[in-house]
Amino acid sequence: MISPSLVLQNTIDGVFLGLFYSLVAMGLALIFGVMDIINFAHGDLLMLAAYFVWLTSADLSVDPTVTALLLVPLFFLIGLSIHYSMIQPVLGKEPLIQIAVTVGLGLILQNIALAIFKAEPKAVAYSLFSFSYSIGPITLYASKLFIAVVSIVTLYVLNLFLNRTFLGLAMKSTADNREVAQLMGINAKRLYALTFGLGTALIALSASLWMTFGQVQPYLGTSFSLISWVIVAMGGLGGVTGVLYSGIIVGLAESLGSLFLTPSARMAVVYIVFFLVLWFRPRGLFGRR
Amino acid sequence: MRASITRGPILEILILIVILAIIPLALMGNAYYELLAATVVLFSSMVVAWNIIGGYAGQLDLGAYAYMGVGGIVTAELWMKAGIPPLLGIFVGGAVSALIAILIGIPTFRFGIKEVWYALLTAALVVIFNNISRLLMGPFDYYLPPTTGFVYLKFNSYVIVYAIAASFLIIAFLVNFFVERSKMGYYFKAIREDELAAEMVGIDTRRYKLYALLLYSFLLGVMGYIYIVIAASYSYRIFDSSASLSIAIMGIIGGLGSVEGGIISSMVLRSLGEYFRSTFGSSLPGLDLLLYGAVLILIGIFQPEGISSLINKLLKRKG
Amino acid sequence: MMVEALLETKDVVKRFGGIRAVDGVSISVERGEIVGLIGPNGAGKTTLFNCITGTYTPEEGHIFFEGKEITKLPSNKIIRLGIARTWQVVRPFKKMSVIDAITTGALLRHGKIDEAREKAREVAQFLGLPEEILKKRGDEITLMQHKLVDLARALATEPKLLLIDEVGAGLRPAELNMMIETLHKINKERGTTLVVVEHIMRLVMSISKRVIVMHEGKVIAQGKPEEVSNNPQVIQAYLGIKPV
Amino acid sequence: MGNKEKAVSTSAVIAIVVVVILVAVAGIYLATRGGAPSTTTSPTTTATTPKTASPTTQTNTTAYPSQIYIGLVEPLTGSYAVFGQEAQQAAQLIVDIINNQLGGIKSMGGAKLVLVTEDAGGTPESARLAAQKLISTYHVPIMLGAYVSRFTSAMAAVTEQNKVILMTDALVDSLTQQGWQYIFRVAPKSSAHGKAAVDFVLDMAKKTNTTIKTAVVLNEDSIFGTTVANGAVLELVSNGIEISSHITYPYDISDVTPIINQIKQLNADILISIPYFNDGVLLAKAIQASGLKFAFIAGAGACGYTDPDSIKAAGNAVLYYTNTYSYNPARPTEWNQKVVTMFEQRYGKLPTEGAGIIFYSLMTVYEALEKAGKMFPSDPLNPDHLRAAFLSLDLNDTNSIAAQLYPSGHIKFGPDGDNLYPQTAILQVQLVGGNLTPVVVWPEAQPGFSAIFPRPGWAPTK
């Protein structure tokens, strides 16, 4: 029994979820676009950040959203150190090698988390946003709304950054054409480090948002890594808008797949959509090099 | 496959066979080590099968357990539902697995999906199979009948399970061996090195990638049933993303295109993993995986061509 | 009846987005010729090569090889008919030995590994690749050797027509002279027709009997080297001034 | 691959390969026909004689082993480690109680138990390896494990073949329906959990005069979640309750709002929810945020709502939620109180289900060993003697410690190895002195408490 209002409700929720996914994938898209690095530890970094959120929020009773202020700069630094220790040596190497190194990083992060935090999921009990609005048959969850708004604002600011600042333009043009960027006199080494740092910092922001309603356990990253890559693959290198739209497509596929099929098969729906997109638009929906 | 064969590789195969034959003798009838040997050798043969597509043809396939699971489940179901003994069933299982692989491979290669996109697609495939088989089979565990016997490829003695796994390893090794020395092998490697350049020496790259996928998925499909025999039951959870990834990882650590490297890395690391599980399992959870991670990073940064090139270097220095 | 050209393109158009990279090109190459294809950066020379070898499919126009239309054939079929090419930036098979790489090319016409390897050796010898190079891996040799291996790999497919893209780039003067000799030798002794895209005028002018000049996707001149180099349109194109 | 080596023709290689394969096939065939151990019908397989750690005592049939190894295989890593690690602690506690306070197995001359633990790892193969290692290395006559059903069936492949008793703490129904000879289970199987959740709600509804007509069943889609849900659905249907919707979802779901949206439209009276950890907290939070109201929300299965971590993670959202427990930590018997106190003293936390199942399962093993020593003094550890001892047990609060630890106070095995008197306890999250605390409320409430039913703030529509 699927009523129209239920479809509308799930569509709205799917879009909200999709906006969050876009934010999660944006860091990955940036890193892949600018540096051509295939990062399979993206989700595991989100897991790590989520544990940081839990540590600060659960014990210090600070709202997860506030911890973002602390975490974003911290993860920028973590990103830099990962870049210099592991990413820089494999820049320009074969995709397989990059995958091997980042998968290795992911395994290490997962099992350190398992050793420290054990397998039980951790969540933050208190959040500013555990209520909802009702508009007719539609329920708007405050936390989802908040996440969607923050995601959109962040993506918008990022878009401005990529189009209006020298550093952003440098990143954008490197993503478009490496050689041209070299001609512009861009210091590629520093640019790559900054990009990886920025990408990682974006993950910390997503983790803070995630912890307003979600939980963290050591294997949280695995599904996020795959989802983020699906979004990047579907968005192509269409910049912020490409990621935004394909994030929404994934969110909708998941939400409507849950509704019309069963939640057990929702990921199959997402990945089948991904297969079809890649088959029929191999360059992604929004173009790719 | 009309390649002429040099004496060296024959020696290699004989050595492999002899080593594999000695292992159970060396285990002195300890059932635990026999079971461990069977598990490790089966894992190795999966890595060797992966080498065809990942090592030679250079397609980063992360879907090993999708093909293995399909083959295994088909074989088991054929036995239980239609009474077809697994001795025949494993080939049907392999064929079904290969058929599915080809049906997915045709559009995938037709639309030029490669590198990381191919990796993602195959990783997604495992999840899709997991979800769909969950819908078809429910969440339940399915048990093989207790019957044992040769036609059922099911035995009370681990040595025989081991012998079957070892013959898979030898067969997978031989397939690699013939591929490497055939036109197909040259073409696979050319595709791996530079697909456009391969096109320009007249290689139908799509067709040859399909050949690689076909061999690989068939071999894994055939192995699936023995995996189920060792695991004692099966369910949709046989479609395991991280296990699939670990097959590719062993191939990478071993060195792409190096069968010997793959065998060594998978045997050493899988045994080491089991050692860590049984020794530190309760005190240091996840230590084995943590070490995998460290090995991967170190190999990726310092030895990007895998342990096979390391071994070669050491041999050269000595020789 | 007219003598059939080896290669003929008729009004070939290839677009990228709004840009017509190849804009109605009609050229013809006779058997046994060495043709130079020149033009400033972005003139569409490499794109034309890609259209001929099937890497790109042109949106308009037709391409004939030995009178047979090959416009929409897949690359592997085109190569089988007897076209081969090299690139400006070498594309070696890095992890294969040099002899294996050349053998891969030879396998097109020799199904048996032994025969193909024999053929590969023959081609390598012809190009003067020393024996000790053959066992080395693709990532262990010099640029000049790379260029020769690329050529050998292409020649091993026994092409009737060989498309050579800026083979001189990055070579030292002595190497360049050797390369010029080698190209002459390929043309003379194997009867292979060559189309040579080149920026280095010395190379083009010294080997080509005929030169075709492209600019902004169009053929703007063709003829003997000395005629073409005096053509005002060509000079303007190279100086970046649009002809009126 | 250089061509200077002497070339050998392909046919020679193929010939060699064919010969090798033929020899291998023939070898396998001969081995299976001749010398291989046959199936379970043969009484003369290797493991039939008790091989305990003191071989010197075995020469004399009247002398008993001084030590008896008891194997434990539990998931100590991976996502089920929560249960496995607690089970390991509980097993060690019970073994110490048996050895130190009960004087070992008295009928076997005070033989002491030695606990040997293995991590089941993350896959069925590693669980099987773990079980095999315990048998090969320690010749354990009895094993416990492995919580996860597919790990348990991998273990059973080993225990059945070697005739080792497997006392399982995995709850999935089908494990005792495979015709296995040596498997036993005291704990209530999963369908009993579903049934108990419904029985509790209906019983309370009757007592409080609450009309319940419709229910929503919501379960995570693992085999455990599904079989618990099946038990609940059967019980609902047989009591004439209409099931408005039955929704399944994967336990690692990241967003439950689509499910909540669907439920919201149904206006059902009660929600029977079978969650794992993750989803339980997500659901509780989402239900709270959505303003969804039910007469009652009953959890079935031991985790998701009332375990300490979930309460910590979900906070107020899980107030008045219940779970069904295979163990009743508040059961007011002498030994139960004693064991709970000892556990708390030793490990600094209250025992939850993972520990509870091991308490009574291992204590039942103790009773069976005592019985075997009495019934078969000459060869008590013979697997078939052990099996007979298990089948002859009839334990209750007055004659055994094990029964005192079990919610129903009654343990007797049916021919399939399942306990004929299964019972679960219902725990409810209540506010005790301002703190969210799990309290036993059913079948008998713990002293000073009672079930809070229906949910405060709920008003019947119309």
Side-chain angles (χ1 to χ4, degrees), chain A residues 32 36 38 40-41 85-90 93-115 118-119 218-219 222-223 225-227 229-230 232-233 257 261-262 264-272 274-276 278-284 288, chain B residues 54 58 60 62 104 106-108 110-121 123-135 138-139 192 236 241-242 245-246 248-249 251-253 256 284-306:
Chain A
F32 178 66
D36 227 356
I38 296 164
F40 267 39
S85 57
M86 293 172 205
I87 303 299
Q88 188 138 297
V90 296
K93 293 256 177 73
E94 282 169 54
L96 266 172
I97 299 303
Q98 299 175 354
I99 289 176
V101 168
T102 49
V103 162
L105 174 63
L107 281 174
I108 290 182
L109 292 179
Q110 277 173 25
N111 290 290
I112 287 179
L114 181 70
K118 304 278 179 267
Y219 312 106
T222 323
S223 55
S225 285
L226 201 49
I227 282 273
W229 269 110
V230 164
V232 173
L261 216 53
T262 145
S264 299
R266 77 200 196 289
M267 288 332 278
V269 176
V270 170
Y271 292 133
I272 287 171
F274 168 57
F275 258 78
L276 295 177
L278 220 56
W279 277 351
F280 296 108
R281 296 292 299 267
R283 285 160 186 274
R288 185 192 312 149
Chain B
L60 182 58
L62 302 181
I104 296 161
I106 287 173
T108 302
R110 162 75 183 79
F111 296 115
I113 290 160
K114 50 188 124 173
E115 291 176 355
V116 66
W117 316 113
Y118 181 80
L120 290 173
L121 219 60
L125 190 67
V126 182
V127 181
I128 292 176
F129 277 30
N130 178 297
N131 277 214
I132 290 178
S133 63
R134 167 67 185 71
L135 289 182
R192 174 189 74 197
Y236 71 101
S241 304
S242 59
L245 185 64
S246 74
I249 286 175
I252 298 169
I253 294 182
L256 289 180
L284 298 165
L287 183 66
D288 51 334
L289 295 170
L290 200 125
L291 284 175
Y292 274 0
V295 167
L296 273 178
I297 293 177
L298 293 177
I299 293 237
I301 293 178
F302 297 110
Q303 199 63 43
E305 285 174 25

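All chains are named by letter (A, B, ...) in the order of the sequence lines, taking the proteins before the strands, and each is independently numbered beginning at 1. As a basis for the values below, the full set of heavy atoms in this structure was taken, side chains included, without hydrogen atoms, waters or symmetry mates.
Only the side chain of Ile113(B) comes within less than 4.5 Å of a heavy atom in chain A; its backbone stays farther off. Using a 4.5 Å cut-off between heavy atoms, Ile253(B) does not touch chain A at all. With a threshold of 4.5 angstrom between heavy atoms, Ile249(B) approaches chain A through side-chain atoms but not through N, CA, C or O. If you measure heavy-atom distances from Ile106(B) to chain A, you find no contacts under 4.5 Å at all.
Residues satisfying the salt bridge (charged side-chain N to carboxylate O under 4.0 Å, His left out) test with Arg192(B), not counting sequence neighbours, are none. In terms of the ring pair (Phe, Tyr, Trp, His ring centres under 6.0 Å) criterion, residue partners of Phe129(B) (sequence neighbours excluded) are, by chain and number, Phe239(B).
The candidate with the highest count of non-hydrogen atom pairs below 4.5 Å against chain A, out of Ile297(B), Asn130(B), Leu291(B), is Ile297(B).
When side chains are defined from C-beta on, Val127(B) does not count as touching Val270(A), because their heavy atoms never get closer than 4.5 Å. A heavy-atom distance below 4.5 Å is found between the side chains of Phe274(A) and Leu120(B).
In this structure, the separation between CH2 on Trp117(B) and CD1 on Ile38(A) is 8.0 Å, given to the nearest 0.5 Å. Distance check, rounded to the nearest 0.5 Å: CZ of Phe40(A) to CG of Leu296(B) gives 12.5 Å. Atom CG of Leu125(B) is separated from atom CZ of Phe275(A) by 4.5 Å, given to the nearest 0.5 angstrom.
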